[in-house]
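This report concerns only the one structure given below.
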Amino acid sequence: MVYDVRAFGAKGDGKALDSPAINRAIEAAAQAGGGTVYFPAGTYRSFSIRLKSNIALYLDHGAVILAADPRDGDGKYDDPEPNPWDQYQDFGHSHWHNSLIWGEGVANVSILGPGLIWGKGLVRSGNQSRSREQNEALRAAPSGGPFGYPNPRDAVEPGWGNKAISLKLCRNVTIRDVSILHGGHFAILATGVDNLTIDNVKIDTNRDGIDIDCCRNVRVSNCSVNSPFDDGICLKSSYALGFARATENVTITNCQVSGYDEGTFLDGTFKRDDRGYSLGNPTGRIKFGTESNGGFKNITIANCVFDYSRGLALETVDGGALEDVTIANITMRDVTNSPIFLRLGARLRGPKGTAVGALRRVIISNVVVYNADPRYSSIISGIPNHAIEDVTLNAIRIYYRGGGTREQATLEPPENEQAYPEPAMFGVIPAYGFFIRHVKGIKMNDVEVQYLQEDLRPPFILDDVKDATFIFVRALRAADVPTFVLKNVEDFNTHECREVPDVKAKRATLERL
C-alpha cells in the first residue's frame, strides 16, 4: 500500500515543516504491517525522519527532502543517544539519532527513487560535548583541519543533525537511485547492518560519502561519490557497538570516487577551483579504516574509477585483522597522495589490552594510475615486529609526476607507530615508486612505474622485508640511480626485470641494484 505524505499533512513547499507529517505516514504504514511512503514532486523541509521495519521511502522525480536548519526556530533534530563506548571513535561514528533519516533495529527497509536528499541544515561534525558558549566561540574560528577533517568550529549545541542517512543494527536494507547533496559528517552511515545494498546512488557532499562500519553482506554498486573534504566510500570496524565486529563479505563494484568542488558533481560542471582543502588537495577515495577494531574480511573491489582524489588506502591500526581482500580493474587519474597505501599500525584506540592486528592476504591487480603526487610514492608499511604479510600486485602501471631530488632519496621516514594512518605521516618518501617496509611475503608481477618529470629517487626501496619476488618489473630511473635499494632484506628474488640481473639473494643488509 502507498502512503502519500501529502495525505498526512505535508506541504512540500520548502517552507512548512513537513517532518511531523512524514513521520505520521511512516507510523501509519508500520501499523498496517508495512508499505511505501511516497514523496511526490516538492520540497519537504524536515528534521529527523524515523524509519520503521517493512517501510520503503520513495522519492519521485522532483521530490526533495530538505534538512531543516534549527536556527529557524521551529524544531530540532533528535538528540544523540547515549553511548558508553564513544571514547573509542569520533563522536559522529558513535551516534545515529541526530540525523535527517535514521533507523535502529529495523528490518526490510528501502530508500528509493530518483529524488534528492539535500542536507542543507546538517553540520560537518556535530560534537555536542561542549557548552553553548564554547560552541559559539568555536564557530567563529577558521575552518579546515588536518587531513580534511573540520576544525572544532563545526561543533554545535544539541539540536543539530550531522548525517543524511544513519542506520544502526539493521538488516535487509536497500538504498537505490537517490541522490544526496551536502550530507554532513556522513551522507550514509551504516553500523552493524547486515544484508545492505547501495546501488546507483549519487553523492556530492562536504565530508564522508558512504561509511560501512561493522557490517556484513554488503553490496555497493554503480555509485558515484564526490567528497572533496573526506573519504568517498569507506569501510570501518569501530567499537561503537560496544564490541569488536568485523566488516566482512563486502563487494564494491562499478563505482566512481572523486574530489571535485562540492556541488559541481551533481550539477555537471566538475570544478576544481576550491582551495580550502587541507594539505592543498582533496580526499574522495576508497578506504578501509581508520576505525579498525573489528577488522575487515572477505572484501572485493572491482571496476572502480578514482578521479582527482587520494588513492586507495587499506589501514588497520586499532587491533583488527585486515585479510582476504582482492582489488581489480582500477583506474586513477590526478591522484593527490599515495596511489596504493597499505598500513598496519599501533594506534590501538580501543579498550585496555587491545593488541596490534594483522594485514595479510591482499591481491591487487590491473591498476592504471596517471599523474600521481610525487611526494609519497606507493607505501606498504607495517611496524617493527608486526609485518604486513602475503601481498601480491599484478599488472600495475603508475605514472608519477616526478621531480624528486637526491636529497630526498636519503630521507629516513619515521615509524610513527601510533599515528593516525595517512601517507603524509611519513613525510616525503625516499623512493618515487614503492616504499616497502616491515613486510613478509610480497610478490610483484608485471608492475611498471614511471615519472613524467625526471626523479632522482630510486623506484623501489625495501626495508626489513622477507620473501620478496619481482617478476617482469620495469621502472624508469635517472642515470646512476638504482632500481632497488635493499635494507635488511631476506630471500629477495628478481626475474626478467628490466636493467636488473636475475637475483636470488638470501640476505642483503644494504645493497643497490
Side-chain angles (χ1 to χ4, degrees), residues 85 88-89 93-94 96 104-107 109 166-175 186 188-199 208-221 223 231-255 285-304 312-328 330 341-345 347-351 354-365 388-392 421:
W85 303 286
Y88 300 127
Q89 52 280 320
H93 297 83
S94 305
W96 297 266
E104 180 175 353
V106 299
V109 169
S166 182
L167 303 162
K168 177 186 179 184
L169 293 173
C170 303
R171 57 186 170 83
N172 305 337
V173 175
T174 299
I175 304 172
F186 303 96
I188 299 173
L189 173 64
T191 307
V193 177
D194 294 341
N195 302 337
L196 170 65
T197 298
I198 303 174
D199 179 58
D208 278 22
I210 300 171
D211 270 44
I212 296 163
D213 187 4
C214 303
C215 296
R216 297 180 296 206
N217 303 330
V218 179
R219 293 152 299 281
V220 180
S221 57
C223 293
D231 298 312
I233 301 173
C234 192
L235 305 186
K236 297 193 175 183
S237 56
S238 72
Y239 206 80
L241 298 174
F243 56 92
R245 188 184 203 246
T247 287
E248 55 188 323
N249 303 337
V250 178
T251 61
I252 301 172
T253 58
N254 306 330
C255 292
R285 63 192 160 188
I286 297 176
K287 184 177 84 169
F288 297 25
T290 52
E291 283 73 19
S292 48
N293 301 89
F296 310 93
K297 301 177 181 179
N298 210 26
I299 314 291
T300 288
I301 301 172
N303 306 337
C304 291
L312 176 73
L314 279 64
E315 307 163 353
T316 180
V317 297
D318 297 321
L322 193 164
E323 57 191 8
D324 304 322
V325 175
T326 63
I327 299 170
I330 306 295
F341 181 64
L342 276 62
R343 173 61 171 172
L344 171 62
R347 182 177 67 167
L348 305 182
R349 189 163 70 168
T354 298
V356 176
L359 200 166
R360 58 200 173 203
R361 299 191 299 276
V362 175
I363 299 175
I364 302 175
S365 303
I388 293 174
E389 302 178 65
D390 194 6
V391 176
T392 300

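Numbering of residues begins at 1 and proceeds along the displayed sequence.
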Side chains of [X] and [Y]: closer than 4.5 Å at any heavy-atom pair?
X      : Y      : answer
Leu314 : Val362 : yes
Ile252 : Ile212 : no
Glu315 : Leu322 : no
Ser238 : Tyr88  : no
Phe288 : Val325 : yes

[atom2] on [Y] to [atom1] on [X], rounded to 0.5 Å:
X      : Y      : atom1 : atom2 : result
Asn254 : Cys304 : CG    : SG    : 7.0 Å
Thr191 : Leu169 : OG1   : CG    : 8.0 Å
Arg347 : Thr290 : CZ    : OG1   : 4.5 Å
Ile327 : Ile286 : CD1   : CD1   : 8.5 Å
Ile188 : Phe186 : CD1   : CZ    : 12.0 Å
Ser292 : Arg349 : OG    : CZ    : 9.0 Å

Can you give me the closest heavy-atom contact between [X] and [Y], atom names plus distance?
X      : Y      : answer
Gly289 : Phe296 : N-CZ, 3.6 Å
Cys215 : Ala190 : SG-O, 3.3 Å
Gly105 : Cys170 : N-SG, 3.8 Å
Leu344 : Ala358 : CD1-N, 3.9 Å
His93  : Asp211 : NE2-OD2, 3.9 Å
Ala244 : Gly294 : CB-CA, 4.0 Å

>> Quick one, Leu342 with Ile364, criterion side-chain contact (heavy atoms from CB on, under 4.5 Å). Give me CA distance, side-chain angles, the key distance, then yes/no.
In response: CA-CA 11 Å; Leu342 276 62; Ile364 302 175; 4.3 Å; yes
> Under the salt bridge (Lys or Arg N to Asp or Glu O under 4.0 Å) test, which residues partner Arg171, sequence neighbours left out?
Replying inline: none
>> The criterion is salt bridge (Lys or Arg N to Asp or Glu O under 4.0 Å); which residues satisfy it with Asp213, sequence neighbours excluded?
In response: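 Partners of Asp213 by the salt bridge (Lys or Arg N to Asp or Glu O under 4.0 Å) criterion come out as none, since no residue qualifies.
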Kindly write out the residues that satisfy side chain to side chain contact (heavy atoms under 4.5 Å, CB included) with [X], not counting sequence neighbours, or none if the list is empty.
X      : value
Asn298 : Asn249
Glu323 : Lys297, Ala321, Arg360, Arg361
Thr174 : Ser110, Leu112, Arg176, Thr197

>> Check Arg216 with Asp194, please: is the shortest side-chain N to carboxylate O separation under 4.0 Å?
In response: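 Judged by the 4.0 Å cut-off on N to carboxylate O distance, Asp194 and Arg216 do form a salt bridge.
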> Between Ser94 and Gln89, do the side chains contain an N or O donor and an N or O acceptor separated by less than 3.5 Å?
Replying inline: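 Yes, a side-chain donor-acceptor pair sits under 3.5 Å.
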> Do Asn303 and Thr253 have a side chain donor and acceptor closer than 3.5 Å?
Replying inline: no
> Partners of Phe341 by ring pair (Phe, Tyr, Trp, His ring centres under 6.0 Å), sequence neighbours excluded?
Replying inline: none
> Hey, does the side chain of Asp231 reach the backbone of Asp208 with a donor-acceptor pair shorter than 3.5 angstrom?
Replying inline: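 Side chain of Asp231 to backbone of Asp208: no pair is present.
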> Would you say Thr247's side chain and Lys236's backbone share a donor-acceptor pair under 3.5 angstrom?
Replying inline: yes
> Of Leu196, Thr251, Asp199, which is the lone residue that meets side chain to side chain contact (heavy atoms under 4.5 Å, CB included) with Arg219?
Replying inline: Thr251
> Among Val106, Val218, Leu167, which one satisfies side chain to side chain contact (heavy atoms under 4.5 Å, CB included) with Val173?
Replying inline: Leu167
>> Applying side-chain contact (heavy atoms from CB on, under 4.5 Å) to Ile330 and Ile301, what does each step give before you reach the verdict?
In response: CA-CA 9 Å; Ile330 306 295; Ile301 301 172; 4.2 Å; yes
> Should Leu241 and Lys168 be marked as a side-chain contact (heavy atoms from CB on, under 4.5 Å) after you check the CA-CA gap, both sets of side-chain angles, and the distance that decides it?
Replying inline: CA-CA 9 Å; Leu241 298 174; Lys168 177 186 179 184; 3.9 Å; yes
